[in-house]
Amino acid sequence: MTAIPDRKRFEPSEVEPRITRAWLDAGLHHPQPQGTAAENYAIAIPPPNVTGALHMGHALNGAIQDTLVRWQRMHGRRAKWILGTDHAGIATQTQVEKLLKTEGTSREEVGRDEFTRRVWEWREKYGGTIVGQFERLGATCDYDDERFTLDEQYVQAVLKVFVDLYDQGLIYRDLYMVNWDPGSGSAISDLEVEDREVTDTLYSIAYPLTDGSGEVVVATVRPETMLADTAVAVHPEDERFKHLIGKTVKLPLTDRELTIIGDDYVKMDFGTGCLKITPGHDPNDFEIGRRHQLEELTAIGEDGRIVEDLGGPYAGLKALEAREAMVADLRTQGLVREEEPYTHTVPFSHRSGERIEPLISLQWFMRMDELAAPAIQVVKDGRVRIHPETQSRRYVDWLENIRPWCISRQLWWGHQIPVWYRDQETHVGLTPPEGEGWERDPDVLDTWFSSALWPFATLGWPDETPELQAFYPTDVLSTARDILFLWVARMVMMGLRFTGDVPFSDVYIHSVIQAPDGRRMSKSLGTGINPLDLIEGGPRPPVFAKKEGEHPGEFPAYGADAVRFGLLAMSSTQDVRFSEERVQQGQQLTNKLFNATRFVLSKVGEAPAEHPPAPLTLEDRWILSRLTAFQEQTDEHLRAFDFSKAALGLYDFVYAELCDWYLELIKAREVDEDLAALLAHVLRTTLATAHPFIPFVTEDLWGSVPGADALLAAAEAPAADLARRDPEADAGIEAVIAAVQAVRAWRDGAAVKPGAFLPARLRADLPAGADILIARLARLEWTAEGEPAAAVSVPGGLVEILASDAVDPAAEAAKRDARIAELRKEIARADGKLGNAGFVAKAPEAVVAAEREKLERLRTELAELEQG
RNA sequence: GGGCGCGUAGCUCAGUUGGCUAGAGCACCUCGUUUACACCGAGGGAGUCGGGGGUUCGAGUCCCUCCGCGCCCACCA
């Protein structure tokens with residue numbers, strides 16, 4: 001037991017490093033792989049990118065997961081928070097490419113092997129940053145067992161999954177339209193594409209009929225793709241054009257002829273009603289092309305330039321340059337009928353930010369329908385529960401409409417696809433084929449392919465390891481909404497397929513924390529905060545200025561507890577705006593606990609560590625009752641993933657019930673052994689219950705509390721003692737509080753000296769012992785002598801303030817009249833309600849009775865006042 | 001175009017299956033050097049619950065409609 005430092009404030013910066021050390025030394029973050037997954041508790045961290053630095057989302061999610069893990073650990077479960085990082089293909093490769101550029105070289109120049117070596121080197125250097133930042137938050141991840149999605153063992157798991165799925169016919173290679181990202185020089189999946197609104201020019205271009213009988217006019221925003229047109233389509237029912245079906249047109253700028261086809265995809269009322277069909281460069285046209293067995297031509301290559309064989313004079317131009325040149329030529333030929341600005345949504349790469357170029361290319365795909373069905377089932381039958389519930393609908397909808405997943409990426413950083421080619425032969429396997437002349441597929445797998453195996457590949461799968469035995473399936477997966485499909489759904493599918501079990505039983509989708517103005521937190525917008533700046537102090541970005549226009553100043557060093565508390569308190573089932581006040585509230589809470597502990601310790605000395613004795617007084621019974629309720633509610637809120645309520649409930653208990661009332665109520669009491677033991681018990685239980693939320697301050701204080709040995713983080717949380725629930729004491733102290741508040745309000749209004757004890761008479765029906773407490777906190781002195789000068793309504797009656805210098809009769813009369821008016825109004829309301837035959841007849845009896853009781857109470861109070 | 005969600009005090013948000021005089025934190029005002037805490041305590045003002053309509057004895061809560069905002073999904077050139 002160590003003495004609490006003699007200061008008036010909790011100083012996180014002094015405490016946190018020491019406590020972190022103690023936790024790490026104790027090794028509580030690293031449970032032995034024993035027992036079964038059912039009796040143990042596990043959370044797999046959403047692996048941050050190795051390139052990443054901690055942002056608000058990590059901090060919030062870190063606070064959530066650590067709260068859960070600590071809570072379960074303190075309830076006796078072997079708890080493992082699986083830690084690791086993701087190799088993050090595109091993001092990491094881009095970083096290192098940038099680095100190479102500063103060195104005046106490039107990926108292509110150094111070659112694949114050297115490039116990969118450089119990425120590893122880079123990873124060794126910067127990859128640890130984010131893990132250290134989690135430690136700073138107080139996160140008790142399993143630092144002794146850190147994984148990386150490119151660890152040798154993990155690679156083996158990924159390759160095995162690929163080979164198995166290939167053998168089972170779910171993975172195949174196909175020539176198909178993909179989202180080509182010119183930024184990364186790779187295909188990307190549908191989920192990595194985001195739509196942005198763009199204003200383009202919509203060109204109407206005339207295609208002359210070959211029989212010279214006229215022309216059809218098509219509308220397009222991408223004239224440069226016309227070199228790959230293979231048809232013109234009209235709606236088969238379109239009276240204007242249906243007679244043209246089967247005829248041909250001459251494709252301008254070329255010598256080719258296109259057939260006019262009918263397809264009901266074409267909207268008659270949009271554009272010109274004629275649609276140029278370019279299967280090689282538009283996903284819809286691709287579908288139409290396959291329906292009509294059209295040729296699939298490529299006009300724009302993977303480098304974003306017009307290709308040689310179709311390009312003619314435009315070959316080698318970038319797509320946009322080609323557009324200008326072609327439109328100019330079309331104008332010269334008089335074929336541009338109309339040009340108008342046109343705003344529409346266009347796909348962009350989520351990663352590189354460049355406009356997607358739909359291209360046909362040879363890629364690896366995974367068929368998803370067969371995997372999706374069981375993943376839908378487990379959510380429908382509750383084996384996987386998604387919180388909040390509304391998200392499960394999104395999950396199911398997406399899976400029910402799932403499409404093949406393009407899993408190959410034209411990158412060098414990642415899991416290289418285990419496929420080798422030699423002439424017409426293909427070898428798919430965990431090891432290279434025998435013989436000469438084989439060449440391995442240069443592509444790597446989509447990063448999410450390996451992420452999908454995270455909950456079991458981190459535990460050693462496919463080997464039947466003790467870790468897998470002890471911690472799979474995991475319990476909770478906590479993440480942001482945007483990767484429900486990218487990651488969560490795929491983990492469920494892969495988990496079911498390869499382990500035969502769900503990867504986790506609960507998915508918690510947390511809020512996204514936005515800037516105070518409602519924008520996304522983002523570094524480039526200047527709307528982001530580095531959580532470490534909140535913890536340790538740092539610049540406050542302008543959008544976070546306390547008052548608009550004022551200099552934003554600096555964040556004070558709030559400390560990790562305050563930040564954790566603040567983030568949990570502001571979180572919700574939907575997106576929320578960042579609120580520095582909540583963090584401040586957390587800081588105040590840590591300080592309050594610190595001082596409350598100092599106070600209690602000054603009272604209890606070496607209190608016995610035993611259970612509290614039978615409580616002696618009304619307030620003792622009350623605080624034990626409230627403490628029990630607090631424990632129960634905290635558990636309940638955590639079980640429901642309601643972190644905000646849990647955090648705010650903690651604040652309320654500590655501030656209101658414990659400090660404002662209980663500690664004030666006992667201040668004047670002599671602290672005997674019983675009271676000391678009780679105080680120590682209440683303090684220990686409070687610290688233990690609060691610990692998962694604000695681990696540093698509670699751990700620090702725990703070291704000074706009698707009867708609390710070793711580390712709080714490793715201690716067993718005291719179970720809520722239901723026998724201590726005491727409705728009678730609850731009601732009793734509630735009445736005391738109401739009475740004290742009423743008298744205080746009266747005193748304040750009457751400008752009575754705050755320190756003065758006023759003579760008064762209690763004419764109210766209150767539980768035994770209440771009178772002493774009221775007198776103590778409201779500064780009254782009960783006496784039989786004296787004339788009443790003022791009356792204060794309290795539960796069960798009133799307090800008569802007796803005449804003294806402190807009371808001004810005129811002011812009293814005015815206040816009494818005001819209260820009488822208020823009462824009359826409320827009585828009229830209640831009277832009207834009870835006079836309503838419908839109400840009395842149809843409302844539940846209890847409601848009617850309560851209303852009657854209330855009316856009675858008000859009438860009594862009115863009578864008392866009018867009489868006085 | 002579909003789907004989900006939101007609009008409650010100056011700000012950020014709670015308000016369980018409709019039912020005590022609609023709440024909290026912060027901000028604001030007043031008072032207080034009561035030895036745990038001024039990063040504190042006590043007290044106070046402040047809301048046509050986005051608008052309109054409906055169901056009901058009773059609506060912040062349920063239904064319809066309109067307005068404003070956010071997110072997700074979707075192939076209109």
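Quick caveat, the model's predicted, so the values are computed rather than measured. A, B, ... follow the sequence lines: proteins, then strands. Residue 1 opens every chain.
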Atom P, compared across G23(B) and C63(B): separation rounded to whole Å: 25 Å
Thinking salt bridges, do R355(A) and D200(A) make one under a 4.0 Å N-O criterion? yes
Side-chain atoms of Q588(A) come closest, of C4(B), C40(B), G41(B), to C40(B)
Which nucleotide, C39(B), C76(B), A77(B), lies nearest any side-chain atom of L202(A)? A77(B)
Without decimals, in angstroms, what is the distance between N595(A) CG and C37(B) C1'? 3 Å
Between G44(B), A36(B), A77(B), spot the one nearest the side chain of A219(A), thanks. A77(B)
Checking N1-N3 plus N6-O4 or O6-N4 for Watson-Crick, or N1-O2 and O6-N3 for wobble, each under 3.5 Å, the partner of A22(B) is none
Regarding Q585(A), tell me which of base, sugar-phosphate or nothing describes its non-hydrogen contacts under 4.0 Å with the strands shown. sugar-phosphate
Any side-chain N or O of K645(A) less than 4.0 Å from the OP1 or OP2 oxygen of G15(B)? yes
Which listed nucleotide (A77(B), A14(B), G43(B)) is nearest to the side chain of S572(A)? A14(B)
Charged N to carboxylate O under 4.0 angstrom, E664(A) versus K667(A)? yes
Given A36(B), is OP1 or OP2 found less than 4.0 Å from the side-chain N or O atoms of K592(A)? no
For the pair made of CG in L589(A) and P in A24(B), what is the distance, rounded to whole Å? 18 Å
Ignoring hydrogens and geometry beyond distance, is the side chain of K8(A) in donor-acceptor contact with the base of C37(B) at under 3.5 Å? no
With respect to the phosphate group of C75(B), does any side-chain polar atom (N or O) of Y265(A) fall under 4.0 Å of OP1 or OP2? no
Could you give the CD-to-C1' distance, from E636(A) to U16(B), as a whole number of Å? 11 Å
Are K592(A) and Y655(A) in a cation-pi contact, defined as NZ or CZ under 6.0 Å from the six-membered ring centre and within 45° of the axis? yes
Should E636(A) and K645(A) count as an ion pair when the cut-off is N to O under 4.0 Å? no
Between U17(B) and C31(B), how far apart are the C1' atoms? Round to whole Å, please. 44 Å
Can you tell me the pairing partner of A14(B) across any strand shown, Watson-Crick or G-U wobble, with both distances under 3.5 angstrom? none
Among G25(B), C39(B), C26(B), which nucleotide sits nearest the side chain of E581(A)? C26(B)
Look at S571(A) and C13(B) and indicate whether a side-chain polar atom (N or O) is within less than 4.0 Å of OP1 or OP2. no
Please check: side-chain N/O of S511(A) versus main-chain N/O of D575(A), any donor-acceptor pairing under 3.5 Å? no
Rounding to an integer number of Å, can you tell me how far L777(A) CG sits from U34(B) C1'? 11 Å
Any N or O donor-acceptor pair linking the side chain of E664(A) to the base of A36(B) at under 3.5 Å? yes
Touch check for V576(A), heavy atoms < 4.0 angstrom, all strands: base, sugar-phosphate only, or nothing? sugar-phosphate
Pairing partner of C4(B), by Watson-Crick or G-U wobble and under 3.5 Å for both distances, is G70(B)
Counting the atoms with a prime plus P, OP1 and OP2 as sugar-phosphate, which does Y203(A) contact under 4.0 Å by heavy atoms, base, sugar-phosphate, or nothing? nothing
Rounded to the Å, how far apart are R7(A) CZ and A38(B) C1'? 18 Å
The Watson-Crick or G-U wobble partner of U35(B), with both key distances under 3.5 Å, is none
How far, in whole Å, is A59(B) from G53(B) if one measures between their C1' atoms? 13 Å
Regarding E781(A) and R776(A), does a basic nitrogen lie under 4.0 Å from an acidic carboxylate oxygen? no
Walk me through whether Y342(A) and H344(A) qualify under ring-ring contact (aromatic ring centres under 6.0 Å, His included). CA-CA 6 Å; Y342(A) 180 66; H344(A) 60 148; 5.1 Å; yes
Taking atom P in both A36(B) and A42(B), compute the distance separating them and give it to the nearest angstrom. 15 Å
Any donor-acceptor pair under 3.5 Å from R582(A) side chain to L568(A) backbone: no
C76(B) phosphate, OP1 or OP2, under 4.0 Å from H344(A) side-chain N/O: no
Please compare N284(A) and E11(A) by the position of their nearest nucleotide in RNA chain B and report the one closer to 5'. E11(A)
Rounded to whole Å, NZ of K667(A) lies from P of A42(B) at a distance of 10 Å
With sequence neighbours excluded, tell me which residues meet salt bridge (Lys or Arg N to Asp or Glu O under 4.0 Å) with R222(A). E224(A), E357(A)
Pick the C1' atom in C49(B) and in C62(B), then give their distance to the nearest Å. 16 Å
Does U55(B) have a Watson-Crick or wobble mate here (both distances under 3.5 Å), and if so which one? none
Integer angstrom distance from the C1' of G10(B) to that of C71(B): 27 Å
Residues R196(A), E194(A): salt bridge by 4.0 Å N-O rule: yes
A27(B) P sits how many Å from E580(A) CD, rounded? 11 Å
Of the nucleotides C40(B), A36(B), U12(B), which has the atom closest to the C659(A) side chain? A36(B)
Closest to the F599(A) side chain: A36(B), C75(B), C39(B)? A36(B)
Quick note, R393(A) side chain, CB onward, closest among G3(B), C26(B), A36(B) is G3(B)
Map Y651(A) and R779(A) onto RNA chain B by nearest heavy atom, then report which one ends up closer to the 5' terminus. Y651(A)
Remember a base hit wins even if backbone is also touched, and classify D397(A) as base, sugar-phosphate or nothing at under 4.0 Å, heavy atoms. nothing
Ring centroid separation Y176(A) to F286(A) under 6.0 Å: yes
If we take the P atom in both A9(B) and G60(B), what is their distance in whole Å? 15 Å
Using a cut-off of 4.0 Å between protein heavy atoms and nucleotide atoms, how would you tag nucleotides 67-73 of chain B 5' to 3' with B, S and -? -----SS
Cationic tip of K8(A) within the cone over F10(A)'s six-membered ring, i.e. under 6.0 Å and within 45° of the normal? no
Rounded to whole Å, how long is the line connecting atom CZ of F286(A) with atom C1' of C76(B)? 19 Å
Could you check whether T220(A) gets within reach of a base, just the sugar-phosphate, or nothing at all, counting any heavy atom under 4.0 Å? sugar-phosphate
P gap between C11(B) and G43(B), integer Å: 26 Å
With sugar-phosphate meaning primed atoms plus P, OP1 and OP2, does A745(A) contact a base, only sugar-phosphate, or nothing at under 4.0 Å between heavy atoms? sugar-phosphate
